[in-house]
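The structure under discussion appears below in the form of structure tokens.
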Amino acid sequence: MTGFIDNLIILPILLPMATGALLLMFDDRLRNARALVSLASTVMLLVGSVLLVMQANAQPTGALAVYELGNWPAPFGIVLVADRLSAMMVLVTAILGISALVYSLARWHSAGSSFHSLFQFLLMGVNGAFLTGDVFNLFVFFEVMLAASYGLALHGQGAARVKASLHYIAVNLAASFLFLIGAALIYGVTGTLNMADLASKVANIAEMDRGLLETGAAILGVAFLIKAGMWPLGFWLPTSYAAAAAPVAAVFAIMTKVGVYAVLRISTLAFGAEAGVSAGFGNTVLLVGGLATLAFGTIGVLAAQTTSRLAGYSVLVSSGTLLATMGMGNAGATSGALFYLVVSTLAISAFFMLVELLDRVRIEGADVLAVTMEAYGDDEEGDEEDEIGVAIPATLAVLSISFGLCILLIAGLPPLAGFVAKVAIISAIFNPDGLTQTAPIPPSAWWLTALLIFSGFAALVALTRTWINTFWATMSERPAPVRVIEIAPVLLLLCLTVATTILAGPALSYTQAIADQLYTPAPVIEEVLEPPAPGQLVEVVP
Amino acid sequence: MELVLAISIGVLASCGVYLMLRPRTFQVIIGLSLLSYAVNLFIFAMGRLKMNGPPVLGKDGVVDPSLYADPVPQALVLTAIVIGFAMTALFLVVLLAARGLTGTDHVDGRERR
């Protein structure tokens with residue numbers, strides 16, 4: 001292997017960090033040069049993450065690359081671990097990053113200082129959180145990501161943003177302290193912070209310390225679930241996401257998935273089947289909390305008065321679906337959930353960008369009208385003379401089609417990938433052992449299925465209502481001032497989801513491979529804790 | 001010593017939580033600071049309490065490792081302090097911006113009637 005491939009795993013962290021630092025030195029007037037450097041770096045990140053996915057997928061067992069920072073072997077030093085799951089998440093981040101960045105070049109990147117640096121630091125934090133194999137390092141990358149996200153949430157100024165950010169920062173700071181308490185408790189009990197080492201030690205914890213370990217894991221879990229927006233920890237989320245600028249909200253769509261990812265990683269590694277007494281710890285909480293989040297998000301979607309809040313609540317629906325499915329502890333369902341994760345992240349990100357474009361087309365308060373008109377009957381009289389012979393402008397048609405695709409994806413209707421993902425989840429929870437076997441179906445499966453279908457239905461109602469009011473019953477005669485570089489990233493994301501629909505077979509077998517790897521972590525643990533090659537570790541002779 | 005430390009962590013944390021739930025932004029930031037002190041002390045405590053234990057192994061002879069202080073929590077606390085400090089500074093800036101933009105220091109940006 002070449003040196004480049006060996007060091008590929010650190011590229012998604014180093015590249016945005018170096019770019020972000022470099023861009024800090026640019027003068028504000030060199031706006032175009034800044035944008036160009038930022039864009040070039042993100043394209044390189046995309047190429048690197050594609051290579052990483054291919055590299056991780058090519059490994060037959062465990063699909064793993066372990067990178068020892070500072071060349072210290074695993075339990076002592078910090079390692080980066082790239083398995084199929086991390087590689088896939090890094091790829092999704094890079095795709096979202098590039099589309100949000102292109103979108104921001106139209107207008108948003110010049111709305112405040114240091115947009116590009118903060119953006120790159122956010123990418124660095126998210127990628128680092130996906131790639132790290134160490135609990136405390138995960139905290140550090142979470143903080144890098146959050147620090148950048150605070151700056152980005154405030155980007156563009158305005159009292160609404162500052163008010164929303166104040167709550168966002170306070171909640172996330174408190175969550176960070178919980179994270180520290182959890183990590184410290186786990187370290188105090190097991191004496192290690194390395195995730196693989198932790199996994200190998202959990203089974204042999206003294207009975208006396210087990211309560212302490214589980215407390216630590218639970219506190220850590222609360223910190224992750226705040227990021228993931230689980231009910232009742234996610235009330236800050238719709239407000240702050242709705243207040244953020246469109247490209248920022250689009251890239252924030254991945255941040256809740258970082259929380260989901262961390263929960264999945266820790267729960268399958270430390271509390272998987274091999275954890276002895278603690279096996280499956282927290283699954284019930286995930287299941288019940290996920291179902292509650294799903295229900296809360298669904299109600300929020302129906303009740304939202306603006307489209308951006310609607311998008312914020314769709315994030316909660318997506319988180320709830322993922323958490324509840326993970327709580328089932330079923331490899332097949334988790335595979336479906338991972339597919340859903342990719343699709344829903346892309347769709348919601350595209351939706352956040354689209355919402356801003358829609359707001360330019362429609363009149364003020366159209367959403368409020370949509371809700372009230374439905375409740376009290378539509379008694380509005382249109383000007384009939386204006387409606388004769390109005391040609392459909394091309395921009396409006398493109399916007400309308402993109403919005404339609406977003407509806408199909410978020411509601412999970414056929415023929416697009418959202419539907420495939422939901423079918424994969426539902427079919428797996430009713431056939432845990434394959435079609436030939438009949439295992440008893442837990443009552444939670446029925447709840448999850450009912451809520452999944454109902455949330456899809458609610459999203460359909462809410463989104464179609466907005467759609468009709470924007471495109472059919474619009475009272476605005478203004479042409480849509482939409483630039484190509486604004487609509488292109490939306491179309492790119494939507495085309496990608498269409499591509500995942502067409503390639504659903506290979507994609508699902510990839511996520512199935514991830515799920516299998518997650519639920520049998522033994523090879524991964526072995527690979528990370530591999531004894532050092534002779535000569536690598538010099539033993540200290542006293 | 002364990003009792004003193006435990007009580008001080010408890011007092012700091014409870015004061016921090018109480019202040020964090022108050023309606024004024026200044027109280028919230030003081031609450032967050034107190035909470036971060038409590039957390040930092042807690043991380044220390046997780047490395048087991050020990051008086052005068054050196055954190056680095058000496059060259060001379062094999063010594064019982066139970067005599068040494070665990071250096072990892074100290075490294076963790078250092079990182080946590082730096083990060084917590086930076087975040088508090090950032091929160092302070094946002095607090096001032098909110099004060100300037102909304103004209104009130106209520107966390108919701110408007111006084112509750």
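Chain A is the first sequence line, chain B the second, and so forth, proteins listed ahead of strands; every chain is numbered from 1. Just so you know, these numbers use all the heavy atoms, side chains as well, and skip hydrogens, waters and symmetry mates.
Contact count against chain A (heavy-atom pairs under 4.5 Å) is highest for B:V72 among B:V93, B:V72, B:V77, B:N40. Chosen from B:I29, B:L32, B:V28, the residue pairing most often with chain A at heavy-atom distances under 4.5 Å is B:L32. Of the listed residues B:V17, B:V107, B:T102, the one with more heavy-atom pairs under 4.5 angstrom with chain A than any other is B:V107.
Taken from CG in B:L101 to CZ in A:R161, the straight-line distance is 11.5 Å, to the nearest 0.5 Å. Note that CG of B:L95 and CD1 of A:I169 are 9.5 Å apart. Values are rounded to the nearest 0.5 Å.
Two residues are said to be in side-chain contact when any heavy atoms from C-beta on lie closer than 4.5 Å; A:L180 and B:F42 fail this criterion. A heavy-atom distance below 4.5 Å is found between the side chains of B:M46 and A:L185. At a threshold of 4.5 Å between non-hydrogen side-chain atoms, the residues B:T79 and A:F136 count as touching. Considering only heavy atoms from C-beta on, B:L76 comes within 4.5 Å of A:L193 through its side chain.
Crowding of B:M1 atom CE: a count of heavy atoms from other residues, nucleotides or ligands under 6.0 Å exceeding 12. The 12-atom threshold is exceeded at CH2 of A:W108, counting heavy atoms of other residues, nucleotides or ligands nearer than 6.0 Å. By the neighbour-count criterion of 12 heavy atoms within 6.0 Å, atom CZ of A:F235 is densely surrounded, having more than that number from other residues, nucleotides or ligands.
The two residues A:A174 and B:M20 come nearest to each other via the heavy atoms CB-CE, 3.8 Å. Across B:M87 and A:A147, no two heavy atoms sit closer than the pair CE-CB, 3.4 Å. A pairwise comparison of heavy atoms in A:A170 and B:F91 identifies N-CE1, 3.9 Å as the closest pair.
The one candidate from B:I43, B:V39, B:L35 that meets the side-chain contact (heavy atoms from CB on, under 4.5 Å) condition with A:I181 is B:V39.
Both the backbone and the side chain of B:S36 come within contact range of chain A, judged by heavy atoms closer than 4.5 Å. B:D108 touches chain A through backbone and side chain together, each having a heavy atom under 4.5 Å away.
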